[in-house]
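Chain A is the first sequence line, chain B the second, and so forth, proteins listed ahead of strands; every chain is numbered from 1.
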Amino acid sequence: MALLTIRNVSVRGIAACVPRRIEENADYQYLDSETLAKYISTVGVERRHCAIHDGSVCTSDLCYASAEKLLGELNWNREEIGLLTFISHTADYKLPSTACILQDRLGLSKECMAFDSPLGCSGFVYGLSMTAGLMQTGNIRKALLLVGNTQSFYASPLDKSTALLFGDAGSAVALEYDTDSAPMQFHLQSDGSGAEALMVPDGGCRHPFNEQSLLMEDFGEGIRRTSLHEKMDGGAVFTFALFSVPKSLKKVLTEFNIDSATIDYLLLHQANKFLCESIRKKVKIPEDKTPYNIQDYGNTSGTSIPLLMVTNLHNELQSKHLRLLMSGFGVGLSLGSAYIETKNLIVPELIQL
Amino acid sequence: MELQEFISKFVETLEIEDTSAITGDTRFHDLDEWSSLSVMLLIAMFDEEFEKEISSQDIRSCSTVADLYDLIQTK
């Protein structure tokens, strides 16, 4: 049972970066206007920031820009950073780890530990637990958690379920060893029986890339994609999230004796507005404590939660002590919920690349 | 809950215009208003109204509105 209490680690700052380029869902060519309008209003995505996927803007670039800005404003000595983690499904290369490349790009010490973890929607919570977990004994004093995805890379333009949903973003979170910090509490789960619910079938070792991988297949209801595109069983993901996320959030509250009335904000992975609202109602957290940015950024996978903090809680994170309950859920299937407290963070304005 | 009451909730959830045309025998997959989003709306409706956990598989295995109504008893 992965119910974790991690002590002695504080968040010091959060930065995020999105591609400057915007795709407006209202301009989508492959649906009639009525169906499109219904989709936009139910799922809640009006526009997404998406890179052109020609290698010019990768997730690592979005995370790099976030980290550079954050380190500048924190005025941290880069030599002191002992750990860099990169949580993403859109690495620069199949190998080496993008974290190693970023260690070099950011001018960190060669004494810095660096590794990737390929996770999507649960990536921020999982990444926070892994990074803070390694720090809690005090052997690593400062760390950078970089979470991002340019997952629009995997969306077939002819598959409305992903083409109108996925947005791109990268983030950087600075963590510091701090014996005065409030403990971070986590509940982490996995359900591989749902592996096919969100999957890019070809290009890995199980189904190596071959000529068939490039063929567009028709899945009915106007959905067409290749085996190199991400497929999504919306119904399966919805069921998983609707029933597992409230249970997970309630588990964090009860196991760690947290009164939900003391929560300042519920930060949900911006998967789908209807789904998130259904989850919010089940956990009985009011609307004014549940921010959204899905209308402008879409579903940005693991970056969803840190991006939400930068776009919606920018001022409060800098000036107040906040008690945050959060949950990231999706591809894997994987789910991570957490309770953390933040105090007077450094939060640069959202960066656009 | 009676079938008729279920039908009204069904019609309201899916925002169906011609409510009088919907009966227990209606093949819901053929409705103009039926789309992949409808699966999500129905799963949420069953949870909220009947506190029943149904899957997209359950919905796929139903043909008529009455089949969906029966899920309340069988799940």
**Student:** Answer with side chain, backbone, both or neither: which region of A:Val237 has an atom nearer than 4.5 Å to a non-hydrogen atom of chain B?
**Tutor:**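 Neither part, no heavy atoms under 4.5 Å.
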
**Student:** So, do B:Glu15 and A:Lys38 sit near enough that their side-chain heavy atoms are less than 4.5 Å apart?
**Tutor:**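 Yes; the side chains approach each other to less than 4.5 Å.
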
**Student:** Check the pair B:Ile54, A:Thr239 against side chain to side chain contact (heavy atoms under 4.5 Å, CB included), reporting the backbone distance first and the verdict last.
**Tutor:** CA-CA 8 Å; B:Ile54 64 166; A:Thr239 316; over 6 Å; no

**Student:** Got a sec: does the CD of B:Gln57 have more than 12 other heavy atoms crowding it under 6.0 Å?
**Tutor:**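 Incorrect, the count does not exceed 12.
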
**Student:** Decide side chain to side chain contact (heavy atoms under 4.5 Å, CB included) for A:Lys160 and B:Ser36; before the verdict, give the C-alpha distance in whole Å, the side-chain angles of both, and the deciding distance to 0.1 Å.
**Tutor:** CA-CA 10 Å; A:Lys160 65 179 189 293; B:Ser36 50; 3.9 Å; yes

**Student:** Could you tell me whether A:Glu24 atom CD has more than 12 heavy atoms of other residues or ligands within 6.0 Å of it?
**Tutor:**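 Yes, enclosed.
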
**Student:** Can you confirm whether A:Phe153 is buried at CZ, in the sense that more than 12 heavy atoms of other residues, nucleotides or ligands lie under 6.0 Å from that atom?
**Tutor:**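 No - once you tally the heavy atoms of other residues, nucleotides and ligands closer than 6.0 Å, there are 12 at most.
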
**Student:** With a 4.5 Å cut-off on side-chain heavy atoms, are A:Asn272 and B:Met40 touching?
**Tutor:**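 Counting from C-beta outward, B:Met40 and A:Asn272 do come under 4.5 Å.
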
**Student:** Quick check on A:Glu255: does its CD atom have over 12 non-hydrogen neighbours (other residues, nucleotides or ligands) under 6.0 Å away?
**Tutor:**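 More than 12 within 6.0 Å, yes.
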
**Student:** Going by heavy atoms in the side chains, are B:Ile43 and A:Phe243 under 4.5 Å from each other?
**Tutor:**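 Of all side-chain heavy-atom pairs linking A:Phe243 with B:Ile43, at least one is under 4.5 Å.
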
**Student:** Which one wins on heavy-atom pair count under 4.5 Å against chain A: B:Val39, B:Leu42, B:Leu37?
**Tutor:**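 Counting heavy-atom pairs under 4.5 Å, the top option is B:Leu37.
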
**Student:** Other residues, nucleotides and ligands only: do more than 12 of their heavy atoms fall within 6.0 Å of CE on A:Met1?
**Tutor:**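 No, because the 6.0 Å sphere around CE of A:Met1 holds 12 heavy atoms or fewer from other groups.
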
**Student:** Do B:Asp47 and A:Lys282 have side-chain heavy atoms sitting under 4.5 Å apart?
**Tutor:**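 Yes, their side chains come closer than 4.5 Å.
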
**Student:** Go through B:Ser56 and A:Asp233 one step at a time and tell me if the side chain to side chain contact (heavy atoms under 4.5 Å, CB included) criterion holds.
**Tutor:** CA-CA 9 Å; B:Ser56 53; A:Asp233 178 347; 4.2 Å; yes

**Student:** For atom CD of B:Glu49, decide whether the heavy atoms of other residues, nucleotides or ligands shown that lie under 6.0 angstrom number more than 12.
**Tutor:**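 Count over threshold, so yes.
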
**Student:** In terms of heavy-atom contacts, does CG of B:Asp32 have more than 12 from other residues, nucleotides or ligands at under 6.0 Å?
**Tutor:**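 No - once you tally the heavy atoms of other residues, nucleotides and ligands closer than 6.0 Å, there are 12 at most.
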
**Student:** Report which part of A:Tyr39 has an atom under 4.5 Å of a heavy atom belonging to chain B: side chain, backbone, both, or neither.
**Tutor:**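 Both parts, backbone and side chain.
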
